[in-house]
Amino acid sequence: MRTYIADIEKFEDGMEVTVQGWIQEMRKIKNLMFIIVRDNTGIIQITVKKGSIPNYDELYEITRESVISVNGLLNKKSISRSGTEILASNIEILSIADTPLPLGVIDRVSADFDTRLNNRFLDLRKPEHLIIFKFESQLLFGIREYMNRENFIEVHTPKIVGAATEGGADLFGVEYFEKKAYLNQSPQLYKEMLISSGFDKVFEVGPAFRAEKENTVRHLNEFTSIDMEAAFIDDKKAMEYLERAISYAVNRTIDIMGTDLDRLEYHIDRLEPPFPRITYEESLKYLNNQGLKLSFGDDFSPEANKILAQKFKGFYFITGWPTDMRPFYTHPDTNPRLTKSFDLQLADIEVTSGAQRIHNYRMLEENFMKKGLNKNDFEFYEKAFKYGMPPHAGWGLGLERLVMNLLGLNNVRESTLFPRDRTRLSP
RNA sequence: GCCCCGAUAGUGUAGCGGCCUAUCAUACAGGCCUGUCGAGCCUGUGACACGGGUUCAAAUCCCGUUCGGGGCGCCA
C-alpha cells in the first residue's frame, strides 16, 4: 500500500513502506546511490546499495524526474539531513523522463516566467508553486462552506450567451451553429434572474471571459469569478457576507496549512471582520491631499491605489462610487450621482466589485437609455423584472486576484494554472 | 489601443564593431569514488531569433519581421 511521504514521520523505525513519486535528485557513488523521491506531500531519501535491489544497474542509469515506486524499510536513524531514509529492497521504474529537462525542477538557475509557463507541468512540480493551488483549493472550499451555511444555493449559468451584454467589456465571439454567440463576461444577469425566481441566495464559481487587450500583471482574459447575489438585502449586507466569507475561508486555510505556507515563505495573517470602509469621495479627498489631482468621476490609477494601500494595508472597502462609473444595473443612492456600490481592495488591487442592484423595472429601462444600451438585447433579462423582482445585492470576486494578493505574488498568472492572456493561448 | 524594453547552448547569463574558433553557472553525456546531503574531481557535447542593410570586419550598429517582458488605459 502506498504511503504519502509526509505521513512517513508517523511510522516507526524499521517498518516496511512503499512510496511512489518522481526522482528529484540522484547522488551516485558507484556501488551506492541516494535518490531523493518527491511526491505531492514532500521528499524523502532512498538509499540503494548494489545488491540490495535486483535492477541496480538499470536504476543507476535512470534520469531525474523519472517516476518510480519504492519499497523498503524505514531507517529513522539515518545520517541524512532529514534523519529519515528508506533502505530500498525493491524499486519499480514506472516512467523514464527524457533529458535534458526543458526546465529544471530543482536547478540552481532561475527560469523566465515565459519558459516556466511554456513548461507549466514541470514548473508546477516545484512545491512552492504547487502550494499556491492547494491554497486556492482550500480557500475556495472555505468560501463554499461559508456560503452553504448561509443557505446560498450554488448554481451554474451559461458561459455561451447570445447577446453582447452589459456594455463596456469586450466579449469573445464564438460560432454557435448558424448564430453569432459570445463567451460571457460575468454571470451577473443570470444571477439576478434567479433572484426573481425566488432562489433567494445564489452563488456561482465559474470562468469569466473578457476580450480586453490588457497587458498587465493583474489581468487575464479568462479568470475564475466567485459571484453571489441575494434577495432582500442591500449593499451593506452584501459587504458583510463578503468580508465574513473571506475571513472564514482565510482563517480556516491557515488552520489547515499555515505551517506549510510558512515553510515555503508565504506569510499570511488571520482576518477579523469588519474590514475598513472608505467612501469614494473620502478617498478622492485623501488622494488629493497626498498630491494627486483627481476630480469626481475619475477612476483610481495604479498609483492612487498604491497610496490607498499604504493607508489601509490588507483589505478595505471603497464605497459609494459615482453613477457614471458603474454598470447600468447598479442601484443609485439617495444622491443620484452616487450608487450603492463597493469595491473590495486587497493591497493595491481590486478583488471584488459589488452593489445593490436596481430591481425597479422602470428605473432599469431608463438606465438602458442613459448608458446607450439597446433594450432589445436585454429582453430575456428585463422580463424577469416585470413580474415580481425583490430588492437584491451581490458581488463578484476574482479568485486568482484574491490568491495572488493573499500570498503576495507579483503576477496574477502565478495563481493561474494555465493563464490566458493577451498573447498566450497555450498550454 | 498607446509608450518603453528585450531576444546568445536544455535553462539562466557575460560579451555591446576586430582580442569571439563566444564567457560563466547549471543541466546533459562519459570517467573516478561505499554515506552523500548545493557531494567532489577529471573529460566532453551544446547557442548569437529570422530577413535585409552599413562596414575591410557585425553577437555587437541601422531597418523590418516574429516572439516575449513591463507600464498606461480598463477591470475581477
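The shown structure was predicted, so the numbers you read here are calculated from the model rather than taken from an experiment. Note on naming: letters A, B, ... go to the chains in the order of the sequence lines (proteins, then strands), and numbering restarts at 1 for each one.
Atom C1' of B/C32 sits at a distance of 31 Å from the matching atom of B/U21, rounded to the whole Å. The separation of B/G10 from B/A29, taken at their C1' atoms, amounts to 13 Å, rounded to a whole angstrom. Across B/C72 and B/A9, the matching C1' atoms stand 37 Å from one another, rounded to whole Å. When the C1' atom is used for both B/U26 and B/U65, the distance is 33 Å, rounded to whole Å. Across the C1' atoms, B/A47 and B/U11 are found 12 Å apart, a figure rounded to whole Å. Atom name C1', nucleotides B/A14 and B/A59: the rounded distance is 12 Å, in whole Å. Remark: the separation of the P atoms in B/G73 and B/A27 is 43 Å, to the nearest Å. Taking atom P in both B/C67 and B/C28, one finds a spacing of 32 Å when rounded to whole Å.
To the nearest angstrom, P of B/C75 lies 18 Å from CE of A/M404. Across the protein-nucleic acid pair, A/L32 atom CG and B/C37 atom P stand 12 Å apart, rounded to whole Å. In this structure, the CG atom of A/L294 is 11 Å from the P atom of B/G73, given to the nearest Å. What separates CD1 of A/I246 from P of B/A76 is a distance of 14 Å, to the nearest Å. Between the CG atom of A/N411 and the C1' atom of B/G71 there is a distance of 13 Å, rounded to whole Å. Between the P atom of B/A76 and the CG atom of A/N405 lies a distance of 15 Å, rounded to the nearest Å. One interatomic measurement links the two molecules: CD of A/E303 to C1' of B/G73, which rounds to 15 Å at whole-angstrom precision. Straight-line distance from the CZ atom of A/R64 to the C1' atom of B/U26: 9 Å, rounded to whole Å.
Residue contacts for A/Q45: at a heavy-atom cut-off of 4.0 Å it reaches a base atom on one of the strands shown. As judged by a 4.0 angstrom heavy-atom cut-off over every strand, A/D123 is placed among residues making no nucleic acid contact. Nucleic acid contact for A/V217: sugar-phosphate only, since backbone atoms but no base atoms lie under 4.0 Å from a heavy atom of the residue. A/S110 comes within contact range of the sugar-phosphate backbone alone, with a heavy-atom separation under 4.0 Å but no base atom that close. Residue A/K50 is out of contact with every strand shown, counting any heavy-atom pair closer than 4.0 Å. As judged by a 4.0 angstrom heavy-atom cut-off over every strand, A/I226 is placed among residues making no nucleic acid contact.
The side chain of A/A111 lies closest to B/G12 when the candidates are B/C72, B/G12, B/C28. Listed candidates were B/A76, B/G10, B/U36. Nearest to the side chain of A/F34 is B/U36. Nearest nucleotide to the side chain of A/R413, out of B/G73, B/A27, B/G70: B/G70. Closest contact between the side chain of A/T115 and the listed nucleotides B/G12, B/A76, B/C75 involves B/G12. Closest contact between the side chain of A/E85 and the listed nucleotides B/C74, B/G35, B/G73 involves B/G35. The A/S301 side chain lies nearest to B/G73 when the options are B/C74, B/G73, B/U34.
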**Item:** Criterion salt bridge (Lys or Arg N to Asp or Glu O under 4.0 Å) on A/K28 and A/E61, from CA distance to verdict
**Value:** CA-CA 10 Å; A/K28 303 189 285 192; A/E61 300 304 324; 5.2 Å; no
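For A/F275 and A/F312, the gap between ring centers reaches or exceeds 6.0 Å. You'll find the ring centres of A/F209 and A/Y182 outside the 6.0 Å limit. If you look at A/F317 and A/Y280, their ring centroids are not closer than 6.0 Å. Here A/F328 and A/F378 bring their ring centres to under 6.0 angstrom of each other. Checked against a 6.0 Å centroid threshold, the rings of A/W395 and A/F203 do not count as neighbours.
In A/E303, the CD atom is not crowded: 12 or fewer heavy atoms of neighbouring residues, nucleotides or ligands sit closer than 6.0 Å. Within 6.0 Å of atom NZ in A/K285, 12 or fewer heavy atoms from other residues, nucleotides or ligands are found, so the atom counts as exposed in its surroundings. Other residues, nucleotides and ligands place no more than 12 heavy atoms under 6.0 Å from the OH atom of A/Y4.
Under the Watson-Crick and G-U wobble criteria, each requiring two contacts below 3.5 Å, nucleotide B/A29 is paired to B/U43. In this structure, B/G68 and B/C5 make a Watson-Crick or G-U wobble pair, each of the two defining distances being under 3.5 angstrom.
In this model, the phosphate group of B/C74 is not approached by any side-chain N or O of A/R218 to a distance below 4.0 Å at OP1 or OP2. For A/T216 and B/C72, the shortest distance from a side-chain N or O to OP1 or OP2 is not below 4.0 Å. Residue A/R27 places at least one side-chain N or O closer than 4.0 Å to OP1 or OP2 of B/A39. Applying the 4.0 Å criterion to OP1 and OP2 of B/A76, one finds that A/S353 has a side-chain N or O inside that range. An OP1 or OP2 oxygen of B/G10 is reached within less than 4.0 angstrom by no side-chain nitrogen or oxygen of A/N119.
At distances below 3.5 Å, at least one donor-acceptor pair connects side-chain atoms of A/N335 with backbone N or O atoms of A/R337. Side-chain N or O atoms of A/D123 include none that pairs as donor or acceptor with a backbone N or O of A/N119 at under 3.5 Å.
The side-chain ring of A/F223 is stacked on the base of B/A76, judged by centre separation under 5.5 angstrom and plane angle under 30 degrees.
One finds no salt bridge joining A/E272 and A/R270 here, because no Lys/Arg side-chain nitrogen approaches an Asp/Glu carboxylate oxygen to under 4.0 Å.
Between the side chains of A/Y248 and A/R149, at least one donor-acceptor pair of N or O atoms lies under 3.5 Å. Side-chain contact annotation: A/N71 with A/T18, donor-acceptor N/O pair under 3.5 Å present.
Of all the residues in residues 136-144 of chain A, not one reaches under 4.0 Å from RNA chain B with any non-hydrogen atom.
Each of A/I318, A/N288, A/T319 was compared with A/S283 under the side-chain contact (heavy atoms from CB on, under 4.5 Å) criterion, and only A/I318 meets it. Of the candidates A/I226, A/V403, A/L344, A/L344 is the only one forming a side-chain contact (heavy atoms from CB on, under 4.5 Å) with A/V351.
For B/C67, the base has no donor-acceptor partner in the side chain of A/R424 [N/O atoms by modelled type, under 3.5 angstrom].
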Kindly give the atom pairs (protein nitrogen or oxygen, nucleotide nitrogen or oxygen) under 3.5 Å for nucleotides 1-5 of chain B.
from	atom 1	to	atom 2	distance (Å)
B/G1	OP1	A/K213	NZ	3.0
B/G1	O6	A/K213	O	3.4

For nucleotides 31-33 of chain B, print each protein N/O atom paired with a nucleotide N/O atom at under 3.5 Å, atom names and distance only.
from	atom 1	to	atom 2	distance (Å)
B/C33	OP2	A/K30	NZ	2.6
B/C33	N4	A/Y60	OH	3.3

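If you find the closest nucleotide of RNA chain B to A/D112 and to A/T352, the one lying nearer the 5' end belongs to A/D112.
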